[in-house]
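The next block holds one structure in the form of structure tokens; read it before the comments.
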Amino acid sequence: MQKIFVVGAGTMGSGIAQVFAENGFDVIIRDVDIKFVERGLGVIENNLKKSVEKGKITEEEKNKVLGRIKGTVDINEAKDVDFVIEAAIENMEIKKQIFKELDNVCKEGTILATNTSSLSITEIASSTARPEKVIGMHFFNPVPVMKLVEVIKGMKTSSETFNTVKELAQKLGKTPVEVNEAPGFVVNRILIPMINEAIGVLADGVASASDIDEAMKLGANHPIGPLALSDLIGNDVVLAIMDTLYSEFNDSKYRPHPLLRKMVRAGLLGRKTGKGFFEYK
Ligand SMILES: CC(=O)CC(=O)SCCNC(=O)CCNC(=O)[C@H](O)C(C)(C)COP(=O)(O)OP(=O)(O)OC[C@H]1O[C@@H](n2cnc3c(N)ncnc32)[C@H](O)[C@@H]1OP(=O)(O)O
Ligand SMILES: NC(=O)C1=CN([C@@H]2O[C@H](COP(=O)(O)OP(=O)(O)OC[C@H]3O[C@@H](n4cnc5c(N)ncnc54)[C@H](O)[C@@H]3O)[C@@H](O)[C@H]2O)C=CC1
């Protein structure tokens, strides 16, 4: 397996492309508009520049990694790749459309993985004629730093596909865990309702945003507070995950907090828009 196709050049797609390229794979990264592709490539270049400044890699290594990544807006460039990982927006209809197109374009043996953070792998797979080759490969943000990959089996995912993706995660220096499909998988089913609760604590006026985060950092030893984490993930992504948990389980304990929805409607998405619960330069 050598040629990788990444769909989506946002927060996750760019990180995933970087990690594959750092580990010697040839990567094509695709988004719907060239300006999104260029933004993603810019983020990767910036990350690598910082690694050079810190003395972690040489200028030559940086250029080698960048040389392995090519941007495109054309999905047909997936025709001879060995593996696809999709990291477009968290929307079932869009993901099904993408998988349908990939199924038509890609070689018979190509595995189609999704980085979805909560959606049904089985439903995404149903839009293809190769459900046994469709799987969840869930990276964590920021991808170059976080060690975990959840490898999620849909109802029809074959054990061969599962084993290949588990080994692939290990080749990237990540630690895979095996997950049977369920809304939010393991981490997000636990983590995202906690963030939603922190938003409730803020809305109730119990404490300020910075005090809520300080409390969870010092009182629960979290590396960053839940509101800063929501800004890092993207408040739109957090809302999409809560919406999935709520509608799939049909349980009011997963109700997205109205303040979260209001913030997303206002475009206060967090780091990627410069403002969320906190401001970013
Ligand atoms: C929503 C989903 O579906 C699933 C998810 O992803 S949920 C989100 C999961 N992620 C988390 O929980 C992250 C929680 N936060 C953290 O662990 C830390 O804040 C952090 C690792 C992100 C940053 O650490 P920090 O100590 O606060 O900041 P900082 O000192 O700047 O960074 C630590 C290292 O990470 C690197 N780093 C930080 N952000 C980075 C990024 N976006 N890309 C690449 N590297 C990054 C830094 O360069 C630094 O590297 P060195 O140690 O080699 O110098
Ligand atoms: N943000 C996070 O912390 C995490 C997100 N995820 C998941 O990863 C996926 C991507 O999330 P982010 O990178 O945060 O989103 P993002 O909003 O930063 O980026 C999404 C990108 O997908 C592009 N896109 C939309 N439709 C497309 C299409 N048809 N073809 C190609 N590109 C398309 C958008 O233009 C955008 O650049 C989502 O499914 C999300 O749930 C998973 C783990 C962590």
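Every number for a ligand or one of its atoms is a count from 1 in the order of the listing.
- Among residues at least two apart or in separate chains, side chain to side chain donor-acceptor pair (under 3.5 Å) pairs with a member in residues 231-242 are S230-N235, D231-N235, D231-Y280, D236-K272.
- Note on residues 66-88: pairs passing side chain to side chain donor-acceptor pair (under 3.5 Å), not counting sequence neighbours, are K3-D80, K70-E77, T72-E77, D74-N76, D82-K107, E86-K95, E86-T114.
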Quick one: table the atom pairs, ligand 1 N or O against protein N or O, below 3.5 Å, distance rounded to 0.1 Å.
from	atom 1	to	atom 2	distance (Å)
ligand 1	3 (O)	H138	NE2	2.7
ligand 1	3 (O)	N188	ND2	2.7
ligand 1	6 (O)	N141	N	2.9
ligand 1	10 (N)	N141	O	2.8
ligand 1	48 (O)	K54	NZ	2.7
ligand 1	50 (O)	K54	NZ	3.3
ligand 1	53 (O)	K56	NZ	2.3
ligand 1	54 (O)	K54	NZ	2.8

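- Ion pair E178/K153 flagged as a salt bridge, since at least one NZ, NE, NH1 or NH2 atom sits closer than 4.0 Å to an Asp/Glu carboxylate oxygen.
- Between the side chain of E181 and the main chain of I152, no donor-acceptor pair closer than 3.5 Å is present.
- For the residue pair T161 / S158, a side-chain donor-acceptor distance below 3.5 Å is found, with atom types taken as modelled.
- With hydrogens and angles ignored, the 3.5 Å screen pairs no side-chain donor or acceptor of H222 with any backbone N or O of I224.
- Salt bridge annotation for E59-K62: present, with a cationic side-chain nitrogen under 4.0 angstrom from a carboxylate oxygen.
- Two rings, from F20 and F25, have their centers less than 6.0 Å apart.
- Around ligand 2, the residues contributing at least one heavy atom under 4.0 Å from the ligand are V7, G8, G10, T11, M12, R30, D31, V32, F36, R39, A87, A88, I89, E90, K95, I98, N115, T116, S117, H138, F139, N141, I233, V237, K272.
- Remark: the backbone N or O of K100 is not paired with any side-chain donor or acceptor of T128 at under 3.5 angstrom.
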